[in-house]
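Note on naming: letters A, B, ... go to the chains in the order of the sequence lines (proteins, then strands), and numbering restarts at 1 for each one.
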Amino acid sequence: MQEEYLKDLNDVQHKAVTSINGPSLVIAGAGSGKTRVLTYRIAYLLSKGNDPRSILSLTFTNKAAKEMKERIGQLVGFEVARKLWMGTFHSIFSKILRREADKLGYSSNFTIYDTQDSKSLVKSIIKEMKLDDQTYKVNEVYGRISSSKNNLVTARAYVTNDQIMKIDAMNRKPKIADIYKLYALRCKKADAMDFDDLLLNTNILFRDFPEVLKKYQDSFRYILVDEYQDTNYAQYLIVKKLAAHHKNVCVVGDDAQSIYSFRGAKIENILNFRNDYPGYNIFKLEQNYRSTQNIVNAANSLIIKNKDQIKKKVWSANDTGTKIQVLEASTDNEEGFLVAGAINDTIYREQVQYRDIAILYRTNAQSRIFEEALRKKNIPYKVFGSLSFYQRKEIKDLLSYCRLTVNPNDTEALKRVINYPARGIGNTTQGRIEEYANLHDVSMWEIVSQPDEYPVELNAGVKKKLVAFSNLIKSFQSLLAETDAYELANHIANASGILEDLHFKNTPENLSKYENLQELLNSIKEFTDNRAEDEVKSLDYYLENVALLTDADNEKEEDINKVSIMTIHASKGLEFDYVFIAGLEEELFPSRMSITLPQDLEEERRLFYVAITRARKQATLSYAYTRYKWGTPSNCSPSRFIEEIDPAFIELPDKEEKNAMPRFQRKSYGVSGGSNGNPNHFEKTGNATTVNPGLQRKLTKLKTASAKAAENDSPFEVSDPDILEKGMTVEHQRFGTGTIASIEGNSPNKKATVIFNGAGQKQLLLKFAKLKIIN
DNA sequence: CTTGCAATGACTGAT
DNA sequence: TCATTGCAAG
């Protein structure tokens, strides 16, 4: 076999690819061809005659695994690539846990609880234990449980751990140990594992069943781990155990890009690799092929402020490029307009595609502003994350019916759908069943399916309804073996009454839910169509991984050429020609939660480093002086990170000019205090006519919009839905001019009835309709 | 038991 | 701003 592709590599890369024996540490600077090294290394291993089933590659996302398999397939053939063990820790080890499930007392069909399920379970336990929900906040308790699991502290170990118990006692939350215990018990009863259990239970499996560990140790001759700097203790130990026999472990990472400590990631794992694997080889990939020199230098000048790091010198031989740009805005809304305007300019000036551009921000809450601004300028965009597709109510509802069909003990799924669509099984009934079930150690399903067998106080009518519901689920179960995933899911969507319910209440919201369900069914269809002949296509197999999927795994054809907007965390591993990094303000980025502890601040700085190094050609920063938080405006100041970049590589806004411009006058408005926190500073530029005070805010918005419209000649400037009112004359791109007859609903699903002069009466969903106000 | 409305409190980050 | 919760009426 020829290894032509090795010629694409530089010296270090070449060594990293071909040094296949013994432990290797690859320190891969941003943009240094890390993915190429990983794919070529695997291809190289295969070319040396290794069985693809003996190679285990752990990636950070499913998408990365999919793309890497694709590239390896191109090099060595898809039939071979398909047999590789490649995926995220969670997906690989859930597969192994299903195989070995009986050893841990689970069935191989166990459910995976996602974060929503877990939190909802924690919540009901707090209620059941009659604890004060102000002291025991769901998020905090869940966080304690989750981080315990990531550090391999089981519920039993938790109570006996003095240090942990002392912390809980000090915080006056001594019952967390009991909540954890009950939580673990309930998960087990429900035949469910949460995300953290997938790693914890793998460790337990390997600890308690040495013969199982040995089997996998022998079978995985080569182990590769991507993004090693973001592994937590549980993941670290899995790798260590599996690699103990052959010791052919290759970890790839960049300590400068460690950004997941909140998920238990330990940067020490990569820093201590030398101690864990003596006699290791180290390869430093330092040439950045992705970005311009200015971008690389700016990023270097920033990250140098961090203390703990592995020494390396990342450099670029690309063009010098432009300096980092900075956009300064007076309000968060204006920030949106400036960025959207700059995107339009870039597209026009540089002749690039929408897909070459990304907007990155620190928190999901910032997405809304950019969605609005881009929509108004008719710039197509796609949002990653926030409320992921799979977390939407309608999607979870249908999936819960499916989960219940496969595993009737899945109590979280049962509670979700037992009364949706409404079938007269209300809170009282559910509460009684749940209480009895918890007290007597039976599952809710037991009682629901045979209410006469248990002394729960239920009247005959209710019992009838319960039996009807359980018969419905049983009818689905009977179809499990004989139908494929798509047919069954489609049947469930209809027979459960979900589709009918959405259809019956014919609102724009429900229409969009209906469409989402169709999309889910389409993706299930795709799953059944894409499975190979020898793979089972039934619903239980579809459900195995669905909890582990994210938006990125569901990318649609029509979404390819759009501006990407997402959090910096979600942008990890991606790259774009032009990157806009928004909200560079103190207490937002760096986050308010991270400014006290130095190690937290260092992680924020690494996060900023990751953001800058996503850019190939140009990075633009932006910040605002007022930003709405929880619906009230608050003052902000520019982030310290901006000053930390060496001035040689950044173009700061001109202070002189800034002060001369009334538009940027600040300090005076906003913040708490007043009854009227509205920034009225646009008054200064405007040719305002006097209006009644109630309309003041709307007018301000209107002026912002039209002022911007004059500045940027976008094809069809759209008015903010919030300023539209009954009686206004508006223009629609397709229907022409008309008058608003009425406005119903609430943002973002506000709709208007408009009587158009040519096209007659139309109902328009304002978040999509492009209406321009004529007068 | 269901529905609708007012009050309330949450925003880091995500497999 | 938005989703969840508590309460009153049907």
Between B:dA14 (P) and A:Asn62 (CG): distance, integer Å: 15 Å

Just how far, in rounded Å, is P of C:dT1 from CD of A:Glu372? 9 Å

Residue pair A:Asp226 / A:Thr59, side-chain donor-acceptor N/O under 3.5 Å: no

Give A:Phe589 one of three labels, base, sugar-phosphate or nothing, depending on what nucleic acid heavy atoms sit under 4.0 Å from its own. nothing

For residues 231-242 of chain A, which residue pairs qualify under salt bridge (charged side-chain N to carboxylate O under 4.0 Å, His left out), counting only residues two or more places apart or in two chains? A:Lys240-A:Asp276

Write down the protein N/O and nucleotide N/O pairs, taken from nucleotides 10-12 of chain B, whose separation is under 3.5 Å; answer none if there are no such pairs.
from   : atom 1 : to       : atom 2 : distance (Å)
B:dC11 : OP2    : A:Asn139 : ND2    : 2.9
B:dT12 : O2     : A:Arg362 : NH1    : 2.6
B:dT12 : O2     : A:Arg362 : NH2    : 2.2

With a cut-off of less than 4.0 Å, is there a side-chain N or O of A:Thr632 near OP1 or OP2 of C:dT1? no

Rounded interatomic separation in angstrom, taking NZ from A:Lys119 and P from B:dT15: 13 Å

For A:Glu586, the option from A:Arg627, A:Arg362, A:Arg640 that meets salt bridge (Lys or Arg N to Asp or Glu O under 4.0 Å): A:Arg640

Please give, in whole Å, the distance from B:dT15 C1' to A:Glu227 CD? 13 Å

Less than 3.5 Å apart, which donor and acceptor atoms pair up between the side chains of residues 114-121 of chain A and the rest of the protein, not counting sequence neighbours?
from     : atom 1 : to       : atom 2 : distance (Å)
A:Asp114 : OD1    : A:Gln116 : N      : 3.0
A:Asp114 : OD1    : A:Asp117 : N      : 2.9
A:Asp114 : OD1    : A:Lys396 : NZ     : 3.0
A:Asp114 : OD2    : A:Lys396 : NZ     : 2.9
A:Gln116 : NE2    : A:Gln391 : O      : 3.2
A:Asp117 : OD1    : A:Lys396 : NZ     : 2.9
A:Asp117 : OD2    : A:Asp114 : N      : 3.1
A:Asp117 : OD2    : A:Lys396 : NZ     : 3.4
A:Asp117 : OD2    : A:Arg403 : NH1    : 3.0
A:Asp117 : OD2    : A:Arg403 : NH2    : 3.4
A:Ser118 : OG     : A:Asp114 : O      : 3.2
A:Ser118 : OG     : A:Tyr183 : OH     : 3.1
A:Lys119 : NZ     : A:Asn139 : OD1    : 2.8
A:Ser120 : OG     : A:Glu412 : OE1    : 2.4

Partners of A:Phe370 by ring pair (Phe, Tyr, Trp, His ring centres under 6.0 Å), sequence neighbours excluded? none

Using whole Å, what does the distance between atom C1' of nucleotide B:dG9 and atom CD of A:Glu140 come to? 16 Å

Please write out each protein N/O paired with an N/O of nucleotides 1-3 of chain B under 3.5 Å, distance rounded to 0.1 Å.
from  : atom 1 : to       : atom 2 : distance (Å)
B:dC1 : OP1    : A:Gly426 : N      : 3.4
B:dC1 : OP1    : A:Thr429 : OG1    : 2.5
B:dC1 : OP2    : A:Thr428 : OG1    : 2.4
B:dT2 : OP1    : A:Asn419 : OD1    : 3.4
B:dT2 : OP1    : A:Asn419 : ND2    : 3.3
B:dT2 : OP1    : A:Gly424 : N      : 2.9
B:dT2 : OP2    : A:Asn419 : ND2    : 3.3

Give a yes-or-no answer on whether the side chains of A:Glu334 and A:Thr331 include a donor-acceptor pair shorter than 3.5 Å. no

Taken to the nearest whole Å, OH/A:Tyr609 to P/B:dG13 is 24 Å

Can you measure A:Ile259 atom CD1 to B:dG13 atom P for me and round it to whole angstrom units? 13 Å

Aromatic plane relationship, A:Phe641 with A:Phe608 - under 30° parallel, 30 to 60° tilted, over 60° perpendicular: parallel

Name the atoms and distances for all side-chain donor-acceptor pairs under 3.5 Å in residues 415-428 of chain A, with sequence neighbours left out.
from     : atom 1 : to       : atom 2 : distance (Å)
A:Lys415 : NZ     : A:Glu434 : OE2    : 2.7
A:Arg416 : NE     : A:Asp397 : OD1    : 2.9
A:Asn419 : OD1    : A:Arg423 : N      : 2.8
A:Asn419 : OD1    : A:Gly424 : N      : 3.3
A:Asn419 : OD1    : A:Ile425 : N      : 3.2
A:Asn419 : ND2    : A:Ile425 : O      : 3.3
A:Tyr420 : OH     : A:Asp501 : OD2    : 3.0
A:Arg423 : NH1    : A:Tyr401 : OH     : 3.1
A:Arg423 : NH1    : A:Val417 : O      : 2.9
A:Arg423 : NH1    : A:Ile418 : O      : 3.1
A:Arg423 : NH2    : A:Tyr401 : OH     : 2.9

The side chain of A:Arg368 is closest to which nucleotide in this list: B:dT15, C:dT1, B:dA14? C:dT1

Taking the six-membered ring for Trp, are A:Phe110 and A:Tyr106 parallel (under 30°), tilted (30 to 60°) or perpendicular (over 60°)? perpendicular

Roughly how many Å is it from CD in A:Gln391 to P in C:dT4, rounded to a whole number? 12 Å

